[in-house]
Amino acid sequence: AEVISVSGVEECMEIFAALSKDQIKPKFIEALACRGGCIGGPAMDNKLTLPVRKARLYHFTNAPEFKREEEKREVEVNLKRKHTASQFKEVTPTEEEIRKVLALTGKFTPEDETNCGGCGYSSCREKAEAVCRGLAELEMCIPYMKNKAQSFSNAVVESTDNGIIVVDKDLIIQEFNPAADRMFNLKERLARGCKLDKFINAANFRRAWKTQNACSCQKLYKKLNLITRQTIYPLAKYGVVIGIFTDVTAEERRKSKFDSMRQEALTRASKVIREQMQIAQEIAGLLGESTSETKATLLELIEIMQEQEGNGYDTQN
Ligand code: SF4
C-alpha cells in the first residue's frame, strides 16, 4: 500500500522496523502514537471504549449539519511540498548519561521509575534515553513537573509573611502556614483538626462559606495583642475556606501614636490660642478695634486639625 495508517506506539514501532528493513515502501505513513488516533488521546478522559468513540465520531461526521459546514469550509489548498533527506546520526547514550537524566527528574532508584507513560514513552528509562538523544525534554515527565509546581507553591506558602489558614466547611482547621502559627500560636496548641472558633473568632469564615462570597476587613485580637488585615474567601470546589492574614500591628501602633501626639499638640495649641486671643481682645478693646475675624479663622483651623479618622477595625478576642 502507498499510504499506511497505524496507531498506538507498538504499531508505530512495528511499521518503522519494517520500513528500516525495506520490507515495505509506502509513500506516506500516518503514525499516530495514541491508540485509535486523537480519539484515544490523553485528553479523552471519558470511560467510553474505542469502538463506541469511533461509532460516535462516525455518526457526528455524517450528520447533515456537519456535512454542510464541511462544504462551506472547502477551499483550494496547495499541499505540494518538497522534502530533502537530512542525515540523522543516532548516538547511544551511556548508562551514566541515562542515570544522570533520570536523577534530574527525581528518579534515583528503580522504585522511583513509575513508568506511568504520561510522557508518551513506555518507560522512564526509554524517555531518559530519548532526552540524551535530544529527542525529548525533561519537562515531558508529568509527575516531575507536578512535583516541581507543588514545591514552588509550597515554598511560597511556607516563606510568606502572610498567615494562611485553611478550614473545611465545618470550620475544622485543615492547614496553616508558619506565619499563621506565629500570629495565633496554632502549632503549640495542636490546632490542626480542631475547630477554628477554639483559637480565634471564626464568624467571617462562617459567613464566607454561607454566602460563598469573599470578605476583607481589619481586626484587632485583643488577647493576642495583634491587629490583622484579612481576606477570607470560600473555595466551593474543594469544600474549604481560606483566610489570609497580614499583621499590621506595628503599622497601626505607629498610626495611633502619631494620632495621640497630634491630639496633644492640638490641645496645647488651643490653649495658647485662647490665651493669646484674650490678650489680643483686651488690646483691641483699648484701641476700639475688633478681633472677631482673627478668632473665627483660628477656630476654623483648630476644627480642621481635629478631624480624625476612626480606627477602622473590629475588635476580636
Ligand atoms: S512521565 Fe515521567 S514517570 Fe511517567 S514514564 Fe515518563 S518519565 Fe517515567
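Worth saying up front: this structure is predicted, and the values here are computed from it rather than measured. What you see below is based on every heavy atom in this structure, not just the backbone, and it leaves out hydrogens, waters and symmetry mates. Whatever order the structure lists them in is the order used to number ligands and atoms, beginning at 1.
Taken to the nearest 0.5 Å, the CE atom of Met145 stands 5.0 Å off from the NZ atom of Lys148.
For Lys195, the NZ atom sits in a packed shell: over 12 heavy atoms of surrounding residues, nucleotides or ligands are nearer than 6.0 Å.
Under 2.8 Å from atom 4 (Fe) of ligand 1, one finds the following protein N/O/S atoms: Cys116 SG.
Within the structure, ligand 1 lacks Glu113 among the residues with a heavy atom less than 4.0 angstrom away.
With sequence neighbours left out, Asp181 forms a side chain to side chain donor-acceptor pair (under 3.5 Å) with no residue at all.
Using a 4.5 Å cut-off on side-chain heavy atoms (C-beta onward), Ile244 and Tyr233 make contact. Residues Ile200 and Phe245 have side chains in contact (heavy-atom distance under 4.5 Å, counting atoms from C-beta outward).
Taking hydrophobic clusters as Ile, Leu, Val, Met, Phe, Trp and Tyr residues chained together by side-chain heavy-atom distances below 4.5 Å, Leu235 does not share a cluster with Phe205.
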